Each structure stands twice: as structure tokens, then as C-alpha cells.
*Asks:* 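Pasting a structure here, questions to come.
Chain A is the first sequence line, chain B the second, and so forth, proteins listed ahead of strands; every chain is numbered from 1. On a predicted model such as this, the values are computed, not experimentally measured, just so you know.
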Amino acid sequence: MGKQNVGITVSKKDDFSEWYTQVVLKAKLADYAPVKGLIVLRPDGYSIWESLRSTFDKKFALNGIRNGFLPILIPESLLGKEQKHFAGFNPEVFWVTHSGTNEIGDRLALRPTSETLAYTLYSKWIQSWRDLPLKINFWNTALRAEIKATKPFLRTSEFLWQEGHTVHSTKEEAEKEVMKILDIYKNTVEEELAIPVTTGKKSEKEKFVGAEYTTTMESIMPDGKALQMGTSHFLGQNFSKPFEVKFADKDNVEHFAWQTSWGVSWRLIGAMIMAHGDDKGLVLPPKVAPMQVVIVPIYKNDEGKNTVLSKVEEIQNKLELKNIRTHVDDREGMSPGYKFNDWELKGVPLRIEIGPKDIENQKIVIAKRYNLEKVSLSFTEIEKVSEMLDEIQTEMLKKAKEQAKNNTLEILEYSDFKAKIEDGGFFNSPWCGKLQCEDKIKEETGAEIRVIPFNSEDNTKKCIYCKEQSISIPIFARGY
RNA sequence: GGGAUCGUAGUCUAGCUUGGUAUGAUACUAGCCUGGGGGGCUAGUGGUCGCAGGUUCAAAUCCUGCUGAUCCCA
């Protein structure tokens with residue numbers, strides 16, 4: 001068997017974009033669908049999504065949020081109820097105009113997001129302060145016709161996500177909810193996917209259309225581009241007014257409610273691929289890996305095979321008792337070397353090798369995917385695999401944090417900004433708060449304000465563009 | 001939004017200029033040998049050449065339209 005085209009044929013450093021696409025396809029996470037801009041998730045890709053979903057569901061439940069389901073079609077009359085919101089989404093909406101051969105009068109949108117639909121229903125469901133807070137999350141897909149070149153997980157015309165929509169009786173409670181969700185997002189991404197994020201607010205220019213303000217978490221990818229990892233919006237009463245989401249308070253006065261919406265998508269999978277993968281392929285954080293340990297038995301003849309396989313089964317049972325997701329690669333007719341490369345391409349965190357030599361020495365060989373180290377363990381130390389997985393998870397986050405730190409620069413001079421933007425990275429640069437400067441910087445450098453980190457207010461510096469007094473130090477970067 | 005490149009077996013590809021039903025590798029199937037880092041030999045399977053139309057006795061090849069992908073720039 002040749003090695004041509006089986007593995008990743010470019011290096012992550014030299015051709016990041018091609019590298020990414022190859023990893024997605026060759027690790028069998030996803031494939032292209034026969035329609036422009038759409039992808040298909042394969043079991044290994046979907047399994048990662050299911051793992052994230054189950055973690056989020058647990059955390060949402062602890063916060064009093066339950067899951068619901070909304071239909072995919074939204075009548076145009078509803079979608080257009082909040083003007084700014086509609087104007088923002090309209091260019092990328094897919095429309096259903098016919099049922100069979102009959103034209104539909106009020107054409108139907110394939111949901112680009114569900115605010116308008118959800119709030120139409122919320123207005124029916126909410127009458128009293130006793131009905132609040134109302135907190136529902138929806139796991140579904142959203143459709144937005146992408147004009148730009150698409151990329152699996154990062155930009156596709158249909159994407160898997162969750163959208164949460166909550167309603168509160170007070171502004172304070174709603175704002176608190178926005179932050180609670182952002183916190184859940186941050187700790188889940190850091191703990192499960194081992195990707196560090198920076199949280200803060202979006203600028204007025206970049207906020208969600210229809211929101212009072214948008215909070216966000218952003219990450220810097222190894223190629224120096226920023227990726228939005230999730231957003232949590234404070235909607236104020238911008239939707240409750242047009243959609244009449246009203247409630248009678250304890251004093252019997254009718255009030256418009258205060259709302260939030262928030263979402264993360266399968267983009268997180270794309271971020272995980274970029275953050276941790278290497279020239280051999282995918283590297284999965286143990287917590288979300290569909291298989292955490294793969295065992296490759298090695299033997300020369302039937303007799304050796306029986307001895308090895310019975311030991312393999314014993315080890316597999318021990319690991320499974322500790323709830324470690326274990327797979328035995330007993331495929332015939334493939335050399336061990338082929339299997340090693342195959343599992344490395346697919347990013348399985350730990351590989352155990354057992355052959356005649358190991359049986360003789362009462363030991364196994366364990367290879368760690370994230371740093372390609374091999375160590376040996378005696379048969380009596382099998383339970384250490386649990387600790388190794390935890391350690392790998394920790395080390396991966398640590399490594400990603402260092403990477404992010406190296407990609408973050410303090411830039412005070414615009415000439416410096418322009419000179420270094422080609423290499424990418426997060427730039428901490430003072431800003432006066434004016435849209436004009438933000439626009440000019442975007443126009444001249446392609447960089448935008450990705451996030452204004454919490455506690456980044458600073459009026460002691462000069463705006464990177466106009467030199468007037470700064471109000472904060474946002475993070476500028478080119479984005480995906 | 002602007003530009004460039006490309007679509008031939010699961011994958012990568014030759015052939016296209018100068019029209020004659022497709023080349024090679026790899027993968028896949030079977031058997032034997034192998035087996036601790038992408039194995040060897042032998043014999044097989046697999047393609048309406050992205051889609052639709054046109055020119056022609058004849059189209060992967062020439063023409064038109066459509067569609068999809070990749071990369072670069074704002």
C-alpha cells in the first residue's frame with residue numbers, strides 16, 4: 001500500500017486552508033453535499049456534536065432552561081416584523097415560494113434564526129409575571145445563503161446550532177441571563193474542546209441586528225485569523241414591543257418583557273480542528289473524542305493471535321469498566337503501521353499496542369496522539385489510562401493558551417498595525433469609540449473589532465486611528 | 001463584492017492543442033505470503049469523462065448555457 005493521498009499531503013504551516021479541508025474530509029468528519037454550500041456530517045463528526053450537546057444540555061438544565069422544537073418555515077410577514085432584524089437577514093434568506101405548482105401568497109422563509117417565530121408564540125404563552133422567566137432552548141439548523149466561499153463547519157449555508165430564547169420581567173434579570181450563558185459557553189469550550197476564548201462585547205457595528213448589545217467569545221486560530229465561537233445577546237424590548245410579548249406585573253400594570261437570545265454552532269468543531277490538528281491529521285481532546293482509546297493487536301500467526309486477542313479483550317473490559325470509550329482494531333490484512341497512521345489521522349487520543357513482545361514483558365505500549373509520545377505501562381497499571389486522558393485534556397488547553405498568547409500583540413501605532421496585520425493575530429489597540437475610525441480601519445486593513453473585552457475600558461491612551469482620547473482597548477483582527 | 005484555477009473509477013491523475021468510446025497509480029474483492037510505523041506476489045471488480053443542449057458520420061476532446069469545488073484580493 002502506498003502512502004500517496006491516504007494521509008494529509010500538505011503541512012498545516014505552509015497551506016493552512018488546504019490542510020484544514022483535507023483533515024475534515026480524510027478524518028471522515030464531514031463530506032460535501034450535492035448542493036452548494038451544504039455539508040453532510042458523518043458519524044465521527046456528529047458524535048463530537050452530540051458530546052457538546054449533552055454537556056450544554058446538562059448546564060442549561062441546571063440553569064432552568066428546557067428544550068423545545070420549532071418548525072423550519074417562517075412566513076415573510078412574521079420575519080419582517082422587526083425592521084432592522086429583517087433588513088440584516090433578508091439578503092441571505094432562502095424562500096419557499098411554491099407548494100407543488102401553487103404559488104404561496106405569503107412566501108415562507110427557511111429560518112435564518114427563530115426570534116420572530118419564537119416571540120410570536122411567546123406572546124401567546126405569556127400573560128402574567130407568574131409565567132416568567134420563560135427559558136427555552138432549541139437544537140436545530142439555520143439556513144443562510146452564503147455568497148462567500150464556504151468552508152466545512154466554518155461557513156456553510158446550513159448549520160447545526162442551538163438557539164436559546166429567554167424572557168424576563170426585569171432588565172437586570174435578562175442582562176444577568178446573558179452573562180450566565182456566556183459563562184456556560186466559555187467554560188464548556190475551554191473544558192471540553194480545550195480552546196481558550198476571550199469574552200466581551202461586540203461593537204455597535206458588529207452586534208446582532210435587532211439586539212441592544214451582543215456579548216461574544218472569540219478565539220484566535222493558528223493562522224492568525226479570529227473566529228467567533230458563540231454569542232449571547234441582550235435584546236432589551238426591541239422584539240417584545242413589535243411582537244407584543246407583554247405581561248401583567250404584580251401591581252396589575254402591563255409591561256413589555258425583557259429578552260435574550262444566544263447560540264453556538266458546529267463552528268466549534270471547526271475551531272477544534274484548527275486549534276489542535278497537526279500534519280498527521282486531527283487531534284481530538286479526550287472529552288469529546290468518539291473513541292478515546294484504540295487498541296491495535298499485533299501478531300504473526302494464529303497461536304500468537306489467540307494469546308494477544310485474549311489479553312486485548314481483558315484490557316478492553318478493564319477500560320470500559322472505567323467508562324473509557326475503547327475500540328479494538330482487529331481488521332485483518334492491514335499492517336500495524338497502516339493502522340497507526342490511520343488512527344492518528346482520525347485523532348484518537350490514545351493508542352495501545354499489544355504484541356508478542358508485550359505479552360512476554362507483561363507490558364503494553366501507549367502512544368499519545370497530541371504529542372506523539374510513546375510510553376510503556378505494565379499490565380498492572382492499566383487504570384492509569386484514565387489519568388493520562390485527563391492529563392492530555394489539560395495539556396492541550398495549556399498548549400492552546402500559549403499559542404493564543406503568542407498570537408496576541410499590543411499595538412499602539414497605526415503604522416505598526418498595518419505592517420503586522422498580514423501575519424494575523426489579535427491586536428490590542430486603543431480606540432476612541434467612533435464608528436468612523438472602526439470603518440476606516442476595516443477598509444484599510446481588513447481588520448475589525450472582534451470583541452471589546454470586559455474591563456478593557458481605558459481613557460489614558462490615544463485612538464490607534466484618529467489619535468483622540470481612547471475609551472477602550474478592543475481586540476482587532478481579521479476574521480473568518 | 002472582484003479575480004483566477006478546476007471538475008475524467010472511492011481517491012489522485014494521463015489523454016483535450018490536432019475529435020475515432022479512456023492511461024497509470026492507489027483503493028476495493030479473492031487467495032497465498034506477511035505483520036512493532038502507510039508490506040509483497042497473483043488474479044479480478046469498478047467510468048453514461050460534473051449536468052443539459054449544440055456542431056459532426058463520430059465528442060472526454062470543439063461551441064453555448066448551467067452547476068459544483070478550490071485558491072487569492074476588498
Side-chain angles (χ1 to χ4, degrees), chain A residues 1-10 14-28 30-40 42 91-92 145-158 223-225 278-281 294-309 311-312 329-346 348 351-361 363-369 371-377 418 421-422 424 439-448 477-480:
Chain A
M1 289 180 221
K3 66 188 292 179
Q4 235 180 348
N5 300 323
V6 180
I8 308 300
T9 59
V10 296
D14 295 340
D15 192 348
F16 189 77
S17 198
E18 170 70 17
W19 170 87
Y20 175 81
T21 307
Q22 283 196 15
V23 173
V24 170
L25 298 178
K26 292 184 175 178
K28 299 184 180 171
D31 204 350
Y32 292 105
V35 179
K36 180 186 171 65
L38 304 186
I39 60 167
V40 176
R42 304 179 68 173
E92 45 194 32
E146 282 295 345
I147 303 152
K148 289 186 171 188
T150 55
K151 209 158 215 7
F153 297 119
L154 302 180
R155 183 180 290 119
T156 48
S157 287
E158 181 184 27
D223 64 342
K225 283 194 198 167
D278 63 19
D279 288 352
K280 283 179 163 280
V294 61
I295 305 177
V296 179
I298 299 159
Y299 41 80
K300 293 193 170 135
N301 49 44
D302 276 351
E303 193 198 336
K305 179 175 165 179
N306 290 335
T307 319
V308 168
L309 285 184
K311 194 68 201 175
V312 163
D329 185 358
D330 55 4
R331 290 178 291 180
E332 297 284 351
M334 281 174 172
S335 69
Y338 185 90
K339 291 179 179 178
F340 296 167
N341 283 286
D342 194 36
W343 295 112
E344 280 165 1
L345 174 61
K346 296 184 111 187
V348 178
R351 181 185 69 242
I352 294 178
E353 304 168 14
I354 307 177
K357 288 184 214 163
D358 305 295
I359 301 285
E360 204 175 302
N361 301 327
K363 279 182 174 174
I364 55 170
V365 173
I366 301 195
K368 298 180 194 172
R369 176 63 183 91
N371 62 4
L372 299 170
E373 247 175 49
K374 276 193 189 185
V375 296
S376 76
L377 275 191
K418 283 199 284 193
I421 194 66
E422 282 304 323
D439 277 341
K440 280 286 177 193
I441 293 169
K442 173 88 197 266
E443 192 186 315
E444 292 171 18
T445 68
E448 59 209 4
R478 286 181 181 171
Y480 269 95

*Asks:* Give a yes or no on whether a donor-acceptor pair under 3.5 Å exists between the nucleobase atoms of B/G37, that is its base, and the side chain of A/Lys374.
*Replies:* yes

*Asks:* Does B/C6 have a Watson-Crick or wobble mate here (both distances under 3.5 Å), and if so which one?
*Replies:* B/G68

*Asks:* Write down the distance separating the P atoms in B/U56 and B/C16, rounded off to the nearest Å.
*Replies:* 24 Å

*Asks:* Could you give the distance separating B/A59 and B/A52 at their P atoms, to the nearest angstrom?
*Replies:* 14 Å

*Asks:* With both distances under 3.5 Å as the test, what is the Watson-Crick or G-U wobble partner of B/G19?
*Replies:* none

*Asks:* What nitrogen or oxygen pairs link the protein and nucleotides 66-73 of chain B at under 3.5 Å?
*Replies:*
unit_1	atom_1	unit_2	atom_2	d
B/A69	OP1	A/Gly37	N	2.8
B/U70	OP1	A/Tyr32	OH	2.5
B/C71	OP1	A/Ser17	OG	2.3
B/C71	OP1	A/Lys151	NZ	2.8

*Asks:* Considering every strand and a 4.0 Å limit on heavy-atom distances, what is the contact class for A/Lys305: base, sugar-phosphate, or nothing?
*Replies:* nothing

*Asks:* Can you tell me the Watson-Crick or wobble partner of B/G1, both distances under 3.5 angstrom?
*Replies:* B/C73

*Asks:* For the C1' atoms, the ones on B/U26 and on B/A69, what distance do you get once it is rounded to whole angstrom?
*Replies:* 22 Å

*Asks:* Return yes when atom NZ of A/Lys368 has more than 12 non-hydrogen atoms of other residues, nucleotides or ligands closer than 6.0 Å, and no otherwise.
*Replies:* yes

*Asks:* Is there a side-chain contact between A/Ser335 and the phosphate of B/G39, meaning an N or O under 4.0 Å from OP1 or OP2?
*Replies:* yes

*Asks:* Between B/G7 and B/U13, how far apart are the P atoms? Round to whole Å, please.
*Replies:* 9 Å

*Asks:* Need one value for A/Gly446: base, sugar-phosphate or nothing, where a base atom within 4.0 Å counts as base even if backbone is also close, heavy atoms only.
*Replies:* nothing

*Asks:* Which is more 5' along RNA chain B, the nucleotide nearest A/Gly337 or the one nearest A/Lys442? Just name the residue.
*Replies:* A/Gly337

*Asks:* For A/Lys440, check side chain to side chain donor-acceptor pair (under 3.5 Å) against everything at least two apart and list the hits.
*Replies:* none

*Asks:* Taking a pair as Watson-Crick or G-U wobble with both distances under 3.5 Å, which nucleotide is matched to B/U42?
*Replies:* B/A30

*Asks:* Indicate yes or no: does A/Lys305 engage A/Glu332 in a salt bridge with an N to O separation below 4.0 Å.
*Replies:* yes

*Asks:* Partner of B/G35 by Watson-Crick or G-U wobble geometry, both contacts under 3.5 Å, or none?
*Replies:* none

*Asks:* Can you name the side chain to side chain donor-acceptor pair (under 3.5 Å) partners of A/Glu444, sequence neighbours left out?
*Replies:* A/Tyr414, A/Tyr465

*Asks:* I'd like to check the side chain to side chain donor-acceptor pair (under 3.5 Å) partners of A/Glu373; sequence neighbours left out, ordered by chain and number.
*Replies:* A/Asn371

*Asks:* Restricting to side chain to side chain donor-acceptor pair (under 3.5 Å), what partner residues turn up for A/Asp223, sequence neighbours left out?
*Replies:* A/Tyr480

*Asks:* Is there a Watson-Crick or G-U wobble partner for B/C49 with both distances under 3.5 Å, and if so, which one is it?
*Replies:* none

*Asks:* Within the 4.0 Å heavy-atom criterion, would you say A/Val296 contacts the bases, only the backbone, or no part of the nucleic acid?
*Replies:* nothing

*Asks:* What contact category does A/Glu443 fall into here, base, sugar-phosphate, or nothing, at under 4.0 angstrom with non-hydrogen atoms?
*Replies:* sugar-phosphate

*Asks:* Indicate the atoms forming the closest heavy-atom contact of A/Ile359 with A/Ile354, along with that distance.
*Replies:* CD1-CG2, 4.1 Å

*Asks:* Under a 3.5 Å cutoff, is there a donor and acceptor pairing between the side chains of A/Lys36 and A/Thr150?
*Replies:* no

*Asks:* With the criterion being N/O to N/O and under 3.5 Å, what pairs connect the protein with nucleotides 31-33 of chain B, and how long is each?
*Replies:*
none

*Asks:* Considering every strand shown, what is the Watson-Crick or G-U wobble mate of B/U61 when both distances are under 3.5 Å?
*Replies:* none

*Asks:* Searching all strands shown, indicate the nucleotide that pairs with B/A25 (Watson-Crick or G-U wobble; both distances under 3.5 Å).
*Replies:* B/U11

